Amino acid sequence: MNTLSNKLFKRICLSFFLATILIVIILIITDKYRISVLNKENSHPNRIYYYHDLDKDGNSEKLNFQKNNVGRIGLLVYENNKIINHWNFEGEWGQIDHPFIADLNIDGKDEIFIFSQINDSLYLHCVDPINNRVVFRNKAITKVYKAHGIYDYGIYKGVLYDMDSDGIKEIYFSISTGYSTKPRNLFVYNYKKDTVIVSPESCAPLFSPIAYDFDYDDIPEFLCSTHAVANCSLNIEYSDHYSWLMVFRPDLNFKFEPIPFNAYPSLTKFGTLKLNKDLIFVFHLYRGTEDYSSFMALFNCDGFMLKSKDININPEIQQFELINETDDKSYIYLIADIGKVFKIDTMLNFKKYINVPKLTGLDVYYKLDIDNDASNEYIFRGQYKNQFVITRHNFKHAITVSLDRNFNAPYFSLKEATDFQTQLVVDTEEYTYYFNYGKSIVYKYWHLMIALNTVIIYLVFYVAAKIGDYRKLKLKETQKKISELQLKSFQNHIDPHFTFNIIESFGNLINEKNPEKASFLFNNYTRMLKSALINSDNAFISLEDELDFVRNYLNLEVYRNNYKFDYKINIQKGLDESIIIPKMLIHIFVENAVKHGVRHLTEGGLVKIKIYEEGSDYRIFIKDNGIGREKAKELAWFSTGRGLKIIDEILGLYNRLYRVNIGYETIDLESKEKASGTLVKIKIPTKQLYHAK
């Protein structure tokens with residue numbers, strides 16, 4: 001019982017170990033996260049389909065922004081595929097990067113902000129879909145201007161912040177241009193006071209405003225990325241021949257005098273790093289041919305530079321983004337379009353980098369918690385126009401998704417529901433795609449898969465053991481049968497009649513005082529007897545031993561039959577005689593050639609044995625010039641074929657045991673339409689025999 005328990009325990013441990021190794025290998029070669037398309041619906045270039053949980057109940061409402069509806073823009077809000085309400089606003093769709101949704105009145109429900117353009121004026125509207133009301137409409141923001149025949153501007157959403165603690169947040173956003181020089185400002189709209197504040201006049205483009213409390217006074221400062229594109233005059237205030245560090249107070253006045261960075265063309269972006277206190281991190285990328293350097297720097301909240309470092313940046317980098325949204329503010333990530341994410345510390349050192357796919361359009365990226373793990377995933381535009389890339393919050397496990405169509409301005413949102421997994425929704429000009437994103441099954445259920453594989457491997461071992469036991473049983477039965485045949489073969493080799501005949505001949509030679517022949521006869525018989533006794537327990541012997549036995553046998557038979565026949569054995573030079581063959585394979589046919597062929601001749605009998613190699617087989621020919629099998633039958637000298645039956649059984653068992661098929665054929669020879677002997681051809685697959693050995 002103890003032995004059985006130990007065997008069972010070892011088998012379970014081995015199964016668990018192998019299952020663990022298998023799962024570890026699968027984890028190594030398998031992507032940790034996967035994404036799959038659940039559905040695809042037709043979309044429209046003048047519509048945006050977007051999902052957002054407006055009332056925070058765990059179920060997203062579907063938003064349909066109609067960008068052009070007969071000179072108006074519209075908004076339809078769906079809940080459970082039913083329209084809650086719809087609203088229309090005069091004008092054309094304002095050129096914003098993606099929908100602007102936030103909680104204006106701090107009631108736990110989000111409002112939707114919409115920009116529209118009427119002629120050359122830009123207006124802001126606000127809708128509260130949950131309470132089915134328009135909060136405000138047609139709030140004039142600024143004028144916009146054309147460049148090369150089209151209105152040239154972009155709106156970059158910022159944050160909502162209750163600066164005056166009146167229970168209503170102020171709305172911050174920036175507007176910038178390409179070739180036009182206006183408007184390039186940061187804006188704030190105070191809904192309760194119905195006032196619009198604009199940052200000081202500037203020709204510096206202001207992108208992607210961020211808010212951060214650098215001086216710990218519970219009032220955030222505002223930063224915007226800037227480009228040096230040289231579309232303004234060099235002498236104008238805050239010219240775009242430079243990139244600028246501009247920090248704005250909540251009233252949009254400068255916290256300190258803006259700081260210029262040489263020169264055109266360049267791109268400057270900002271983030272935060274913590275070194276005792278929060279500092280402004282600057283990364284300035286110069287992309288021109290003049291003798292200017294790209295650099296990194298740290299500034300305090302008063303505009304004083306604490307540290308800077310010139311850098312030799314990869315010339316292939318054209319776009320980058322700075323992200324620092326982790327709990328550890330002592331480093332910041334720089335994402336470059338060449339497909340690398342650099343980690344930068346407070347000493348302005350590149351600590352390491354992570355490889356990601358090549359990216360484009362880094363000014364617009366999305367942060368969404370797609371798999372509901374309380375950490376945002378990042379979504380970037382891919383290298384090609386039909387691709388986007390998803391990474392984890394630490395930029396690892398990047399997945400590139402290729403759609404079946406190119407797209408220009410995709411919109412990413414989350415379709416959340418309490419009764420199914422959150423879906424990533426990607427709306428393009430032609431289709432709206434619904435994706436399922438999360439850990440692969442192996443990573444998600446690795447512990448269960450180890451347990452399942454342990455059970456499966458254990459069952460495989462169990463079944464294999466049972467099959468092995470069955471095969472051992474069949475092997476024993478086969479070996480028992482072979483042993484019985486071995487006994488028969490021994491009796492067939494050394495039968496009493498043959499033995500008495502040899503002893504009688506030996507006695508006659510002694511009486512005739514012919515010691516040489518007596519010695520020859522005695523030596524051949526004893527060698528034959530020795531071989532039979534030594535190999536009595538073996539059904540298979542070497543070709544060399546079989547031929548030695550056959551020679552001794554033929555020498556004795558030639559003497560017994562008064563030299564009326566002779567024999568020849570021709571072996572190909574260099575032939576390997578160590579191969580293992582069934583015992584008696586050659587002897588049985590040689591014995592038949594003697595007993596039923598050449599023995600009945602008066603003289604001139606001959607038994608020929610020829611052995612040679614052909615391809616991967618050995619060929620053995622046994623030929624006699626005796627009276628033939630049919631004549632032997634007529635003379636009643638043809639035996640019952642007991643020897644052939646034995647060899648057939650041994651060959652059959654050998655084939656079943658070792659999957660080795662040794663075949664033979666018997667051919668009756670004729671000369672001038674008269675029987676002239678028998679030819680036996682044996683084919684031995686030597687490679688299989690070596691394997692069987």
Side-chain angles (χ1 to χ4, degrees), residues 485 488-489 491-495 497-498 501 524 528 541 543 546-572 575 581-614 617-652 654-655 661-685:
L485 291 173
K488 287 184 179 180
S489 73
Q491 294 172 346
N492 193 58
H493 277 66
I494 314 296
D495 61 58
H497 177 74
F498 179 84
N501 189 285
N524 278 272
M528 182 178 170
I541 61 175
L543 174 62
E546 175 74 5
L547 289 174
D548 187 60
F549 186 91
V550 167
R551 287 190 187 93
N552 292 323
Y553 169 77
L554 285 171
N555 286 334
L556 293 173
E557 287 291 5
V558 167
Y559 173 79
R560 288 178 60 211
N561 288 278
N562 297 317
Y563 301 96
K564 65 175 65 174
F565 76 90
D566 199 358
Y567 72 89
K568 292 182 179 180
I569 299 177
N570 184 8
I571 302 175
Q572 180 181 321
L575 194 75
I581 63 173
K583 187 170 60 179
M584 296 173 53
L585 178 62
I586 300 175
H587 171 75
I588 287 292
F589 299 107
V590 170
E591 185 182 41
N592 285 340
V594 172
K595 288 183 177 181
H596 313 302
V598 296
R599 175 184 291 179
H600 307 294
L601 299 176
T602 56
E603 62 181 3
L606 181 64
V607 176
K608 290 183 178 180
I609 301 173
K610 181 180 180 182
I611 304 175
Y612 65 96
E613 187 174 11
E614 184 178 276
D617 301 328
Y618 272 28
R619 304 282 184 165
I620 302 176
F621 287 2
I622 302 168
K623 180 181 179 182
D624 70 79
N625 61 348
I627 63 174
R629 293 186 296 171
E630 294 299 323
K631 184 66 176 177
K633 286 181 182 179
E634 293 176 7
L635 298 175
W637 289 328
F638 194 78
S639 73
T640 59
R642 182 177 61 176
L644 288 178
K645 289 180 181 179
I646 290 174
I647 198 65
D648 285 341
E649 286 190 67
I650 290 178
L651 291 180
Y654 188 68
N655 184 32
N661 185 20
I662 299 176
Y664 71 89
E665 63 174 324
T666 303
I667 301 172
D668 294 315
L669 303 176
E670 293 183 355
S671 178
K672 296 180 180 180
E673 299 181 354
K674 179 180 179 182
S676 60
T678 306
L679 172 64
V680 177
K681 295 181 178 181
I682 303 172
K683 178 182 175 182
I684 304 175

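Note that the structure is a prediction, hence the values are computed from the model and not measured.
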**Message:** What I'd like to find out is whether the side chain of Y567 reaches to under 4.5 Å of the side chain of I609, using heavy atoms alone.
**Reply:** no
**Prompt:** With a 4.5 Å heavy-atom cut-off, do I586 and F549 have their side chains touching?
**Reply:** no
**Request:** Measure the shortest side-chain to side-chain distance between R619 and E613 over non-hydrogen atoms and say whether it is less than 4.5 angstrom.
**Result:** no
**Message:** Using the side chain to side chain contact (heavy atoms under 4.5 Å, CB included) definition, which of the options I541, I684, L543 pairs with L585?
**Reply:** I684
**Prompt:** Quick one: OH on Y664 to CD1 on I622, what's the gap to the nearest 0.5 Å?
**Reply:** 11.0 Å
**Asked** Mind checking whether L601 and F565 have side chains closer than 4.5 Å, heavy atoms only?
**Response** no
**Asked** Which atom names give the shortest non-hydrogen contact between T678 and G628, and what distance separates them?
**Response** OG1-CA, 4.2 Å
**Message:** Let me confirm one number: the CD-CZ distance from E557 to R599, rounded to the nearest 0.5 Å.
**Reply:** 5.5 Å
**Prompt:** Can you tell me if E546 uses its side chain to pair, donor with acceptor, with the backbone of M584 under 3.5 Å?
**Reply:** yes
**Item:** Worked check of side chain to side chain donor-acceptor pair (under 3.5 Å) between N570 and Y612
**Value:** CA-CA 9 Å; N570 184 8; Y612 65 96; over 6 Å; no
**I611 side, atom CD1; L547 side, atom CG - distance, nearest 0.5 Å** = 4.0 Å
**Message:** Which heavy atom of A593 sits nearest to which heavy atom of D624, and what is that distance?
**Reply:** CB-OD2, 3.5 Å
**Item:** Straight-line distance of L554 CG to E591 CD, nearest 0.5 Å
**Value:** 10.5 Å
**Request:** Go through the structure and list residues passing side-chain hydrogen bond (donor to acceptor under 3.5 Å, both in side chains) with N625, not counting sequence neighbours.
**Result:** none
**Message:** To the closest 0.5 Å, what do you measure between CD1 (I620) and CD1 (I581)?
**Reply:** 5.5 Å
**Request:** Measure the NE2-OH distance between H587 and Y553 for me, rounded to the nearest 0.5 Å.
**Result:** 5.5 Å
**Request:** Tell me, yes or no, whether the heavy-atom count around K564 atom NZ, taken from other residues, nucleotides or ligands under 6.0 Å, exceeds 12.
**Result:** yes
**Asked** Within the side chain of H600, is there an N or O that forms a donor-acceptor pair under 3.5 Å with the backbone of K595?
**Response** yes
**With sequence neighbours excluded, residues passing side-chain contact (heavy atoms from CB on, under 4.5 Å) with E665** = I667, K681
